[in-house]
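Taking it in order: structure first as structure tokens, then the write-up.
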Number of protein chains: 2
Amino acid sequence: MTRGRPPAHTLERVIEAAIAVADADGLAAVTMRRIAGEIGAGAMSLYTYVPDKDRLVDAMVDRVGADVPAITPTGDWQGDLLAICRAQRASMLAHPWLPGALAARRITGRHMVAYLEQGLAALAPTRLDGSTKLEVIALLTGFVANFVANELAGPPTEEQVALIGEAVLSGDYPHLAAALAEGGSRVPTFDAIALRMIRGLADPVLWPGPDIL
Amino acid sequence: MTRGRPPAHTLERVIEAAIAVADADGLAAVTMRRIAGEIGAGAMSLYTYVPDKDRLVDAMVDRVGADVPAITPTGDWQGDLLAICRAQRASMLAHPWLPGALAARRITGRHMVAYLEQGLAALAPTRLDGSTKLEVIALLTGFVANFVANELAGPPTEEQVALIGEAVLSGDYPHLAAALAEGGSRVPTFDAIALRMIRGLADPVLWPGPDIL
DNA sequence: GCATTTCCGGTACAACGTACGGGAAAGAGG
DNA sequence: CCTCTTTCCCGTACGTTGTACCGGAAATGC
């Protein structure tokens, strides 16, 4: 049947190794040599399975999409969208390189298509038109990625603290000084923000302007 | 007064050259050698003005912030925030590399502090607490960057079209097929979406849940 | 003139993605 | 069995990147 030398590795194995490296040491550590070494192959052997590094990262993004649990629509479209956002967030927290990779990339791969389908299914009761639904999904995805990226960024740099402190002391930024002094009694939860975003974006009843989004 | 050999160039000149290159050929074209060549200097001379390339990009981001017109609060906080978002969008459209650079970066530089102050001033009438105001600003900034990135991405790749078309023909993605077939009568405008986002995020009256964001 | 300070920029190195091509390992046909 | 064809493996090598190093050049202060 299949002629020629049989492959010693698999595409799946390459992608999984790349994801493991990214999870452990960040996306910058994902180099062809490193991945190849991780699976006991030569660097150039990877090009048997992947046309170039960019496609490898595409495949990584699509691969983690496979592990995100599917949300089947319940009819409560707000709840369904929130569940989708939560699942996305969980995936990004498990793979901290994901928000960054997603930011510089477009929809690719089967799982991404499934993700779109899932969002559209959840949005079905809203009666928004097709392109608006897609726009809403894109905006929500971007929101989650942005939120998680901020979450993962951790505390500000010493340098940033110095910059802000200097700004406050200068007296030229009274609102900033006030905001920092006041602080926040309660840290806003992801769910609360996401729900506001969902309602604000997708509810045509609550916001029936001349522009229906 | 000042001892030693006087500088042949200036930091400002370096940053402006880098911005010009990024505007013309994208952020990837911003290399130390290229920038140096652009201002008639040796590659290593740049390190007299900038500690490393990452700081140069930081400086580029901060520099374009200087050209964004300031919005002075009018008391109409929704309108003020919308004006800020519009100004940000205009800046990003003028410098298409900005959304990408912003995504992988944190607040740095004087103009960024001024931007925060401006947003906080606009949010003053809302009576949100300090950290919530900052959160709202971060979310809005992320939204604008994400929106403009999508705007600038242009039409989908031939490969993406093939993938989606295949998915539609397979019959496994009915909602996606329907959404694409239906299309959109009206393309949602930036202003409409931004206003929904602003109201949804920051209006404590319209959304007075147990979580005040 | 001399010492000191500062900036200039050529050279060089490590790491990257990957083009190239010869060698190795399999099935197919004789 | 041998040989041809196909496929994969991967060492070598090239161009590009950021930048460490350092000798030389140019200014001031004594």
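Please read these numbers as outputs of a predicted model, since none were measured by experiment. Note on naming: letters A, B, ... go to the chains in the order of the sequence lines (proteins, then strands), and numbering restarts at 1 for each one.
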Sidechain-backbone polar pair: A/E38 side chain, A/A18 backbone, donor-acceptor under 3.5 Å | no
Checking B/N146, B/V144, B/L93, B/V148 against B/P99 for side-chain contact (heavy atoms from CB on, under 4.5 Å), the one that qualifies is B/V148
Which pair of heavy atoms, one from B/R106 and one from A/P155, lies closest together, and at what distance?
-> NH1-O, 3.4 Å
With A/W97, which of A/L27, A/V30, A/L102, A/L152 fulfils side-chain contact (heavy atoms from CB on, under 4.5 Å)?
-> A/L27
Would the number of heavy atoms belonging to other residues, nucleotides or ligands and lying under 6.0 Å from CZ of A/R86 be above 12?
-> no
Under a 4.0 Å heavy-atom cut-off, which of residues 42-58 of chain A touch DNA chain D?
-> A/G42, A/M44, A/S45, A/T48, A/Y49
Taking A/T157 for its side chain and A/Q160 for its backbone only, find out whether a donor-acceptor pair lies under 3.5 Å.
-> no
Result of checking B/L120, B/L116, B/L123 against A/H175 for side-chain contact (heavy atoms from CB on, under 4.5 Å) = B/L120
Between A/F143 and A/F190, how do the two ring planes meet: parallel, tilted or perpendicular, split at 30° and 60°?
-> parallel
Under a 4.0 Å N-O cut-off, is there an ion pair linking A/R110 with A/D62?
-> no
Residues in contact with DNA chain D, drawn from residues 25-39 of chain A - heavy-atom cutoff 4.0 Å | A/R33
What one should report as the nearest heavy-atom pair of A/L81 and A/G119 is CD2-O, 4.4 Å
Nucleic acid footprint by protein, nucleotides 25-30 of chain C - heavy-atom cut-off 4.0 Å, B for base, S for sugar-phosphate alone = BBSS--
Could you tell me whether the phosphate oxygens of D/dC8, OP1 or OP2, come under 4.0 Å of any side-chain nitrogen or oxygen in A/H9?
-> no
